[in-house]
Every structure is written in C-alpha cells, then in structure tokens.
There are 2 protein chains.
Amino acid sequence: MIKKEKSITELNASISRVDEICRSNNLGFTDIRRQVFEIIIKNNKPIKAYEILDEIRNITNKPSHPPTVYRAIDFLIENGFVHKLNSINSFVGCFHPKTHEECYFLICKKCNLYQECCDDSLKDRISKTAVHNKFVISNTTLEIEGHCLDCSQK
Amino acid sequence: MIKKEKSITELNASISRVDEICRSNNLGFTDIRRQVFEIIIKNNKPIKAYEILDEIRNITNKPSHPPTVYRAIDFLIENGFVHKLNSINSFVGCFHPKTHEECYFLICKKCNLYQECCDDSLKDRISKTAVHNKFVISNTTLEIEGHCLDCSQK
DNA sequence: TAATATATGTTATGTTATAACATTGCAAAT
DNA sequence: ATTTGCAATGTTATAACATAACATATATTA
Ligand SMILES: [Zn+2]
Ligand SMILES: [Zn+2]
Ligand SMILES: [Zn+2]
Ligand SMILES: [Zn+2]
C-alpha cells in the first residue's frame, strides 16, 4: 500500500509546485534551498540532515557546513514543503504542501518507505481530544511505525 | 484541564505499582533504575536525560556517566514505565503502566505540563488508518503540542 | 551612495545518544 | 568451594544531531 517509488513526473510536479508557491508568496527559493528540497524529495525515504550535507558536498565539491543545511531545512519546514519525523530524526518532502496544516505518517521500519496519511477523520479525532482537554493545538506529531504490507508478508 | 501537580500519594502509588510489576515479572528493579524512575516521575514535567544525570550526580556525589542513565531509561521504556517524547527529546513517567500499549500526549509549550490522553476512540482511529493502509503498527508517536487551558487564558 | 534587510559562509560548540570494553556481584553447575 | 555464566554497572571515548555567534556577500530601496 505504501508506494515503492515516486515517478519522475511526480517529483517534477512537486518541485514546480514549490517553485510556484515561492514565487507567488515572495519567498526566496534560493539555490541552496532548492538543492536541499530536491535531495529530500528525490530520496523517496526519510533522509537525515548529515546525509543531505554529504550530498551537497558531493554535488558542489565545495566545503559545506551543518548550518547551511539546517537553515534550508528550517525554511522548507516553515513553509510546509518538508516535514521532520521526530521519531527518527529525519526529513521527508511533502507532496501536497499548503493543502492542510498537519501531516501524519506511516513509516516502515524494514524498508524505510513512508506515507503521509492525512485523513480528516484522524484529524477530527485529534481535534476532539484536544477540545475535550481544553487544549489549543499548535502542532501535532503523529508517526506510526511498523511494517508495510510487503514487508510484513516476508 | 492538565493537572498542575501529582500528589505524594499518586507518586508513591506509581512507584509501588512499578515495584510490584517488577517483582511479579522477575525484572530487576535495581537501585539505579529505581532512582531514575523516581526522578522522572517526581519531576511532573518532561525531563531530559542529562538533567536526570545531573540529579543522579547530586544525589550520589559520585561520578556518573550517560550510559548509566540511558540504560536505566531503556529498561523503563521497554517495560512501559516511562515514555519518551520524541518531539522534545524528553522523558515522562507513565501513570498507568501495562494497562495499554500506547500512550498519547498533550504537551503545553508554555508551562511544560503534559497529560497522557489515551482515549480508545483515538486509538481506534489510528488503528483504522493503519488497517486501511495495510500497515502493521509496532509503535506510535502521538504528541500534541500547544497551550493548556491556563496558559491560553493568560 | 548609504542604509537596510536577507541569505550564506565559517568556526566553534552545545546537546543527545551509543559503541566498546572492563569490572562487579550474584547464582547455578561442577 | 571453586568455576562458570550472566546480568548489571563502570568507564572511556566518540558518534550523531543541532545551534550560537559572528563575518561576509548580495539584493532592495531610500
Ligand atoms: Zn505533508
Ligand atoms: Zn516496508
Ligand atoms: Zn503511559
Ligand atoms: Zn500550560
């Protein structure tokens, strides 16, 4: 059920969409930010900050440092283009930025593939829990780890 | 809605319950493990590993090292006595160990108080999402950050 | 041009967590 | 009673993750 691969078409669409959003919101989609976004979104699996850093170094053949990557990640997260998976200190691209506030995740421990699962009923249920506790949500981390269909059959 | 304080009675009950569970399951509730558990549960708020380490050093007046604390935490988490909050790299005591598999959390960003919110409807909704995606859950991180009633009124 | 703001480069360090190996203490087997 | 095995802890070192602080560059705009 978790898709094995995102197609080139999907990847390009994602990049274009972010490009478009940045243009129309006057956000500087600079070279570094674009590079980091592409590395994340093309990776297909959650990727770690220092892995991104390694790729940047390979691509540019210049010295790069952690703050460069973390700043780009911060920008991408702030604007909803990328999510952080707190349970595994890794980052994933968002395939539907700006369409909702929160994204929830299924993460396969075996093959590392993940899927955003943002159904409204889940969102509603979380809202209700908050309301019931008179709690005002600012952000939600929902990360479901386990095994995808393929991996649980093996 | 988030309770300000756990009473001494509640704390003692928690410690006794863990003691009991360990005894009846032949788990070694050693001095260090007990100390770490007490520090966590008495703290009332999420506590960080190195804060625990500091407390241990204060209590014992002996050199202590990170692995000591992390090993104790691992033991406590494995047995459901303590939870890790991945979104803030902190640890909290569980006030109803062994009564269910997963615990979900409301965490106030302002006053740092937290609450376990393990209602079945939320659990069911997460299960359904997993089933719908043919996904077998091994563990779930659900951490809702925001403001509690008191803090959102200020 | 000068002033301002935004982004990036660079060095250093802070924070969180674990690997690897030595030592201790206790209990079962010989 | 000694040896063996095992679980827990001690200790050193380092890995992995993240940010502070300040310098430099680049682009807008007053
Ligand atoms: Zn998303
Ligand atoms: Zn899988
Ligand atoms: Zn719990
Ligand atoms: Zn609060």
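Here the structure is a predicted model, which is why all the values come from computation and not from measurement. Lettering of chains follows the sequences in order, A, B, ..., and the numbering in each one begins at 1.
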Engineer: Give the rounded distance in Å between these two atoms: NE2 of A:His65 and P of D:dA20.
Structural biologist: 18 Å
Engineer: Figure out the CD/C1' separation between A:Glu51 and D:dA18, and round it to whole Å.
Structural biologist: 15 Å
Engineer: Name the nucleic acid region contacted by B:Lys62, choosing base, sugar-phosphate or nothing; use a 4.0 angstrom heavy-atom cut-off, strictly under.
Structural biologist: nothing
Engineer: Can you tell me which residue among A:Ile39, A:Ile41, A:Asn112 is in a side chain to side chain contact (heavy atoms under 4.5 Å, CB included) with A:Ile47?
Structural biologist: A:Ile39
Engineer: Extract, from 5' to 3' on DNA chain C, the first and final nucleotides lying under 4.0 angstrom from some heavy atom of chain A.
Structural biologist: C:dA7 to C:dT11
Engineer: Without decimals, in angstroms, what is the distance between B:Lys48 NZ and D:dA18 P?
Structural biologist: 11 Å
Engineer: Answer yes when A:Asp150 and A:Lys110 have at least one side-chain N-carboxylate O distance shorter than 4.0 Å, and no when they do not.
Structural biologist: no
Engineer: Quick one: B:Asp31 CG to D:dA7 P, roughly how many Å, whole number?
Structural biologist: 19 Å
Engineer: Once you round it to whole Å, what is the distance between C1' of D:dC17 and CD1 of A:Ile88?
Structural biologist: 14 Å
Engineer: Within a strict 4.5 Å, meaning less than it, do heavy atoms of the A:Phe37 and A:Ile15 side chains meet?
Structural biologist: yes
Engineer: How are the rings of B:Tyr114 and B:Phe105 set relative to one another: parallel (under 30°), tilted (30 to 60°) or perpendicular (over 60°)?
Structural biologist: tilted
Engineer: For the pair A:Asp124 and A:Lys128, find out whether any cationic side-chain nitrogen is under 4.0 Å from an anionic carboxylate oxygen.
Structural biologist: no
Engineer: Could you check how far OH of A:Tyr50 sits from P of D:dA18, rounded to whole Å?
Structural biologist: 9 Å
Engineer: In the structure I gave you, are the side-chain heavy atoms of A:Val18 and A:Cys22 within less than 4.5 Å of one another anywhere?
Structural biologist: yes
Engineer: Rounding to a whole Å, what distance do you find between B:Tyr70:OH and D:dG10:C1'?
Structural biologist: 17 Å
Engineer: Taking for each residue the nucleotide of DNA chain D bearing the nearest heavy atom, is the 5' side occupied by B:Ile32 or by B:Asn89?
Structural biologist: B:Ile32
Engineer: For the CG atom on B:Asp31, are there more than 12 heavy atoms of other groups (residues, nucleotides or ligands in this structure) within a distance under 6.0 Å?
Structural biologist: no
Engineer: To the nearest Å, how far apart are B:Phe75 CZ and D:dA8 P?
Structural biologist: 8 Å
Engineer: Touch check for B:Arg71, heavy atoms < 4.0 angstrom, all strands: base, sugar-phosphate only, or nothing?
Structural biologist: base
